[in-house]
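Start at 1 with the first residue, then count along the sequence. Predicted model only: the values in this text are computed from it and were never measured.
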Amino acid sequence: EIPVLTFSQADNSVCGSSVQTYAINPVNVDNYIWSISPAGAGSIQSGQNSNSITVLWNQEPINAIVNVEVRKCGATYSQTSNVVIMSHGEVTASIPNTACLSNDFNVDFDVLGIGTFTSAIWDFGDGTPPVSVSYPNTSVTHEYEEPITTSTTFNVTLTVFNAGGCTMPVVISQAVVVSPTPIIQLSPVSDLNYCNPNNIAEDLTYTVNIQNGFGYTNTIQWYQNGVAIATTPTITVEDPGTTPDTYYAVVTNSLNCSA
């Protein structure tokens with residue numbers, strides 16, 4: 001009877017300097033001979049001449065093969081398992097390539113496979129202290145506050161430690177273009193709250209003043225209770241009455257940054 005060799009345990013993606021187990025279903029044969037190709041990819045620590053071995057993989061990232069050869073009645077049969085040795089775990093990062101000054105800048109990352117890590121550091125490249133997170137937290141919100149008058153490039157760097165159990169840190173960097181946000185002031189600057197309806201003026205005027213242009217084109221959009229109503233710098237509220245209303249303006253420049 002020809003022996004059927006089937007791997008019952010085989011890690012196909014491994015970290016360098018890790019120990020893994022490889023096994024085939026027990027079969028009635030004369031002996032088992034295990035080998036690794038290339039030979040420098042790792043070493044067999046135990047289990048030679050049995051159906052299960054442990055392998056210490058070396059640090060160098062490389063594609064390797066675990067081979068088992070059995071002999072029965074003078075005939076030789078073999079089976080292989082492909083292995084990818086990684087120097088570190090696989091990490092993907094979500095880092096926008098643009099940001100607006102003084103606006104939320106949200107970043108995140110994901111460790112593929114088993115998904116674990118011990119800690120990570122986000123450095124936003126603007127001189128602010130790096131932000132550390134620990135498993136399972138991955139996302140961070142940052143605000144660029146450095147005064148700029150033109151679009152400026154900062155380098156965001158993510159360093160993840162022990163990703164997927166691998167000892168080598170993962171480093172991901174990406175350039176982010178940060179653009180200035182309009183600086184605006186509304187007048188009147190305080191809420192208008194009239195306790196006596198007799199003191200309410202027939203008309204109220206609100207104005208948005210843009211303090212920094214930097215040569216960029218700005219658009220203005222006024223809202224009343226969340227509904228767009230006007231695009232002029234000044235609006236007049238006719239006979240507001242006693243029903244509370246909320247008015248606000250959003251100014252967006254040609255760099256698509258809003259305040």
Side-chain angles (χ1 to χ4, degrees), residues 3-27 29 31-71 76-95 97 107-125 130-140 155-176:
V4 177
L5 306 180
T6 303
F7 274 89
S8 58
Q9 185 172 353
D11 292 309
N12 300 115
S13 294
V14 301
C15 299
S17 300
S18 67
V19 176
Q20 307 294 337
T21 299
Y22 295 83
I24 61 171
N25 292 326
V27 290
V29 294
N31 59 7
Y32 300 84
I33 301 175
W34 293 85
S35 61
I36 296 172
S37 177
S43 59
I44 299 173
Q45 299 293 288
S46 63
Q48 188 63 275
N49 201 30
S50 73
N51 71 304
S52 176
I53 61 169
T54 57
V55 177
L56 171 61
W57 294 109
N58 291 335
Q59 186 64 58
E60 181 183 1
I62 194 174
N63 293 333
I65 296 174
V66 175
N67 179 75
V68 59
E69 182 180 283
V70 300
R71 294 175 182 170
T76 300
Y77 308 90
S78 63
Q79 185 60 275
T80 61
S81 178
N82 295 320
V83 179
V84 177
I85 305 173
M86 304 178 295
S87 60
H88 50 66
E90 296 183 74
V91 176
T92 60
S94 175
I95 306 174
N97 53 22
V107 294
D108 198 0
F109 71 90
D110 182 41
V111 179
L112 305 182
I114 62 175
T116 61
F117 64 98
T118 55
S119 63
I121 297 175
W122 286 99
D123 188 336
F124 294 93
V131 179
S132 297
V133 296
S134 299
Y135 180 81
N137 301 307
T138 58
S139 60
V140 169
N155 288 315
V156 177
T157 302
L158 167 67
T159 305
V160 183
F161 299 94
N162 295 304
C166 294
T167 57
M168 292 289 290
V170 180
V171 179
I172 298 175
S173 295
Q174 180 172 310
V176 176

Do [X] and [Y] have side-chain heavy atoms sitting under 4.5 Å apart?
| X | Y | answer |
| --- | --- | --- |
| Ile95 | Phe109 | no |
| Pro169 | Thr159 | yes |
| Ser37 | Asn67 | no |

Which heavy-atom pair separates [X] from [Y] by the least distance, and what is that distance?
| X | Y | answer |
| --- | --- | --- |
| Ile53 | Gln48 | CG2-N, 4.0 Å |
| Arg71 | Thr76 | CG-OG1, 3.8 Å |
| Gly164 | Val111 | N-CG1, 3.7 Å |
| Ile85 | Trp57 | CD1-CE3, 3.5 Å |
| Ser81 | Asn12 | OG-ND2, 3.2 Å |
| Tyr32 | Pro26 | OH-CA, 3.9 Å |

Self-check item: Residues Ile44, Ile36; criterion side-chain contact (heavy atoms from CB on, under 4.5 Å); working and verdict
Solution: CA-CA 8 Å; Ile44 299 173; Ile36 296 172; 4.0 Å; yes
Gap separating the [atom1] atom of [X] from the [atom2] atom of [Y], nearest 0.5 angstrom:
| X | Y | atom1 | atom2 | answer |
| --- | --- | --- | --- | --- |
| Tyr22 | Thr80 | OH | OG1 | 12.5 Å |
| Ile121 | Thr157 | CD1 | OG1 | 11.0 Å |
| Asn82 | Asn63 | CG | CG | 8.0 Å |
| Cys166 | Phe117 | SG | CZ | 14.5 Å |

Practice problem: Take Asn97 and Gln174, measure what side-chain contact (heavy atoms from CB on, under 4.5 Å) needs, and give me the verdict at the end. | Solution: CA-CA 7 Å; Asn97 53 22; Gln174 180 172 310; 3.8 Å; yes
Quiz prompt | Set of residues satisfying salt bridge (Lys or Arg N to Asp or Glu O under 4.0 Å) with respect to Glu90, sequence neighbours excluded | solution =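 Salt bridge (Lys or Arg N to Asp or Glu O under 4.0 Å) check on Glu90 returns nothing, list empty.
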Practice problem: Would you kindly say whether Asp110 and Thr138 are connected by a side-chain donor-acceptor distance under 3.5 Å? | Solution: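 On atom types as modelled, these side chains do not qualify, holding no pair under 3.5 Å.
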Quiz item: Side chains of Ser134 and Ser119: do they bring a donor and an acceptor to under 3.5 Å?
Solution: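 On atom types as modelled, these side chains do not qualify, holding no pair under 3.5 Å.
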Quiz item: Under 3.5 Å, side chain of Asp123 to main-chain N/O of Gly125, donor-acceptor pair present?
Solution: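 Yes: the side chain of Asp123 pairs with the backbone of Gly125.
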Quiz prompt | Sole residue of Thr167, Thr116, Thr118 in side-chain hydrogen bond (donor to acceptor under 3.5 Å, both in side chains) with Asn162 | solution =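 Between Asn162 and the candidates, side-chain hydrogen bond (donor to acceptor under 3.5 Å, both in side chains) is satisfied uniquely by Thr118.
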